[in-house]
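Contents: one structure, followed by commentary.
Only heavy atoms go into these numbers, but all of them, side chains included; no hydrogens, no water, no symmetry mates. Quick note on labels: first sequence line is chain A, next is B, and so on, each numbered from 1.
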Amino acid sequence: MQRSGNINGSSAITYRPIDQPKEPFPAMRMSELVGHRYKERPAEATLESHALLLRGGYARQVANGIYSLLPAGLRVIRKIERIVREEMDRIGGQEVLMPLAQPRELWEESGRYQSVGPELARFKDRAGHDMVLAMTHEEGVVHLCRNEIHSYAQLPFMVYQIQTKFRDEPRSRGGLIRVREFTMKDGYSFHRTKEDLESYYMECFRAYERIFQRAGFSNVVAVEADSGMMGGKISHEFILLTEVGEDTIATCTETGYYANREVATGIIQGYAEAEQALEKVHTPNQKTIEEVAAFLGVQQHQTAKAVFYDSDEHGKPVIAVIRGDREICEPKLAKIIRAIPTPANDARIRGAGGVPGFASPLGLDKSKWRIVVDSTVATSNNLVTGANEADYHYKNFNLSRDLPGVETHDIAMIADGDRTPDDKGVIALQRGIEVGNIFQLGTKYTESMGMTYNDEAQQKCVPIMGCYGIGIGRMMSSIMEVHRDQYGPKWPMSVAPWQVHLNALKLNTPGVKEAAEKLYADLTAKGIEVLFDDRDERPGVQFADADLLGIPVRLIVGERNLKEGNIEWKRRDTGESGVVSIDTAIDFAIAGIASGK
RNA sequence: CGGGGCGUAGCGCAGCCCGGUAGCGCACCUGCUUUGGGAGCAGGGGGCCGCUGGUUCGAAUCCAGUCGCCCCGACCA
């Protein structure tokens, strides 16, 4: 299979089919399974998936945001990885493996040794060399590839890995959803042209849709995102919409608009009215928007508030102005001032002539301040704003009249009920978990790290990069969060740690053990991934454990049905159950597995 | 980094105010009885009461410090 859109004579990436037979994971006996399950909910778990992760014997915490995986958990992880590998291979990815520990020099080449904060773990090796633990592998991949690629004929290509990352997050939480050490699939593609990157980016986009669909997610949406510290322009996050998510997403099902709240734009209602004369009013000790609005008897949207930040890119203090009923979206502001907005302290504000609590862009020395006004202030009239004088505000501030020519941008945080950018729908905010992301990176890393190739005219060119991440452990916890009931997870067949859970009840009654052992042997011989509960446990214990292990198909050998030559079956997902003749049980299991659920 | 909470057996917790040398449930081990949704009885093992220092005749308990974990916020591919 060849990808269409062969650009500028460059060779395309060769896609590979994925229909090779899969090696089954080993069958095993529950009496030998390492990792116990328990009844009591762990105190530290706040999310259901976190509680089940621990209760089901999938993982154990070692330190804050650092986990070990037990066999049951690792099997789920391996299944997820298998799906990811197949889809990455299918779009022509080649698997590589780069180190977690890397020398400082590599990160100085890209500039990130300085630009990234304390979440980049740094240490010295025994020889005193500065080292880092990679939090992502752009540096690693450029280092790896820059000496392998010399000609345009070698582009494009994509390499990927499934490797540990370490990020010293200020705060991890939620089981495997947000951790410091985690496994990520990260892929990197290299292209000659922007167009080639864009077309491959879309291929990867579609591969991601297949991955999430195969892993059992029905409501993952791709949203426009902020590329943040990664650099680059276009990026998408794949967000699983769920109430327990940490990210907030602006969504509109009517128009299909989806964007991370950090970058979401929309149409915010304006309040236009006839301009009235500017008037200074005494507002003793009324500092917050709530206080001022109440004191003057106006709505919050009839005010403008000023928020101070330290230094734009030129070191000037920043005053951001927005209508009083709205919040500033700091990532948007960051792009405009080309610096991370950090709130300014009072001394800094006063030092430049501002009056905290009664601040306003009116009357500020424009040579000392970077003034950025949000569009909401432009679309409303007669606002109340500070007078830059203690205990005084102005009424009837009108931007175009009173502060003509000031820098006006969209720096507002979008809210429930705003109109979509095309004005055809209404935005609703939803919570979600970011399970993957893709970036059109550009040349940030290839350029800074000196990766070049020769084109047809012997000219040195810099490859254009894309990068593509998926959090493997985060996917596992997210699947558990979505597919579960009060008793445990309900693993989709594609990621289930085992395909069939075989119970033997009253193991020591005549015939039961023999029948179950034979079924276990036959299932195993057919290449079915079966977990055989061969313990002489009471039925309640066995069933509770089976629920916590969440295996899709359960087969129960018990005295009661065995008399008729039958065994019972039960589906973990639907709760359906029935009996089937022991002679056809294997075909029944195979059919259940083949149904893919 | 700011605010709050908690560290006592593998897990969940009581005891701490009011100081006297540690207890309950689950789990684990032995025996008997049980066996289709986390059984019953009997017996048993397991604790530097997070760590360090102080007060005291005596500290799980009071005081100081320190480390760790959890939650909220800030932060964040």
* To do: Please list, chain by chain and in numerical order, all residues satisfying salt bridge (Lys or Arg N to Asp or Glu O under 4.0 Å) with A:Glu109, sequence neighbours excluded.
  => A:Arg146

* Could you tell me whether A:Asn64 contacts a base, only the sugar-phosphate backbone, or nothing, with contacts defined as non-hydrogen atoms closer than 4.0 Å? => sugar-phosphate

* **Whole-Å P distance, B:C72 and B:C26** => 32 Å

* To do: With heavy atoms under 4.0 Å as the rule, sort A:Asp545 into base, sugar-phosphate or nothing.
  => base

* To do: Nearest whole angstrom, please: distance from the P of B:A74 to the CD of A:Glu262.
  => 12 Å

* **Euclidean distance for P, B:C16 against B:G50 (whole angstrom)** => 15 Å

* Using the salt bridge (charged side-chain N to carboxylate O under 4.0 Å, His left out) rule, collect all pairs that involve residues 48-73 of chain A, keeping only residues at least two apart or in two chains. => A:Arg41-A:Glu48

* Structure fact -> The Watson-Crick or G-U wobble partner of B:C17, with both key distances under 3.5 Å, is none

* When we call it a touch if two heavy atoms are under 4.0 Å apart, what does A:Gln61 touch: a base, just sugar-phosphate, or nothing? -> sugar-phosphate

* For B:G58, which nucleotide in any strand shown is its Watson-Crick or wobble partner with both distances under 3.5 Å? -> none

* **Aromatic plane relationship, A:Tyr201 with A:His236 - under 30° parallel, 30 to 60° tilted, over 60° perpendicular** => tilted

* Which part of the nucleic acid does A:Arg55 contact within heavy-atom distance under 4.0 Å: base, sugar-phosphate only, or nothing? -> base

* To do: Would you mind classifying the nucleic acid contact of A:Arg554 as base, sugar-phosphate or nothing, using non-hydrogen atoms under 4.0 angstrom?
  => base

* With both distances kept under 3.5 Å, what pairs with B:A39, Watson-Crick or G-U wobble? -> B:U33

* Asked: Taking the side chain from A:Asp374 and the backbone from A:Ala412, do they hold a donor-acceptor pair closer than 3.5 Å?
  -> yes

* To do: Would you please classify the geometry between the A:His191 ring and the A:Tyr200 ring as parallel, tilted or perpendicular, with 30° and 60° separating the classes?
  => tilted

* To do: Determine: side-chain N/O of A:Arg538 to OP1/OP2 of B:G38, distance under 4.0 Å, yes or no.
  => no

* Distance between C1' atoms of B:C57 and B:G47 (Å, rounded) -> 25 Å

* Counter-base of B:G2, judged by Watson-Crick or G-U geometry with both distances under 3.5 Å -> B:C72

* Complementary nucleotide of B:C28, counting Watson-Crick and G-U pairs under 3.5 Å -> B:G44

* With a non-hydrogen cut-off below 4.0 angstrom, is A:Ala63 in contact with a base, only sugar-phosphate, or nothing? -> sugar-phosphate

Identify all pairs in which a protein N or O lies below 3.5 Å from an N or O of nucleotides 23-33 of chain B, and state each distance.
residue	atom	partner	partner atom	Å
B:G25	N2	A:Glu40	OE1	2.9
B:G25	N2	A:Glu40	OE2	3.0

* To do: Tell me what A:Leu548 touches on the nucleic acid: a base, only sugar-phosphate, or nothing, going by heavy atoms under 4.0 Å.
  => base

* Asked: Can you tell me the Watson-Crick or wobble partner of B:A9, both distances under 3.5 angstrom?
  -> none

* Asked: Which part of the nucleic acid, if any, lies within contact of A:Lys570, taking any heavy atom under 4.0 Å across all strands shown: a base, the sugar-phosphate backbone alone, or nothing?
  -> base

* Asked: Heavy atoms under 4.0 Å, any strand shown: does A:Asp168 hit a base, just sugar-phosphate, or nothing?
  -> nothing

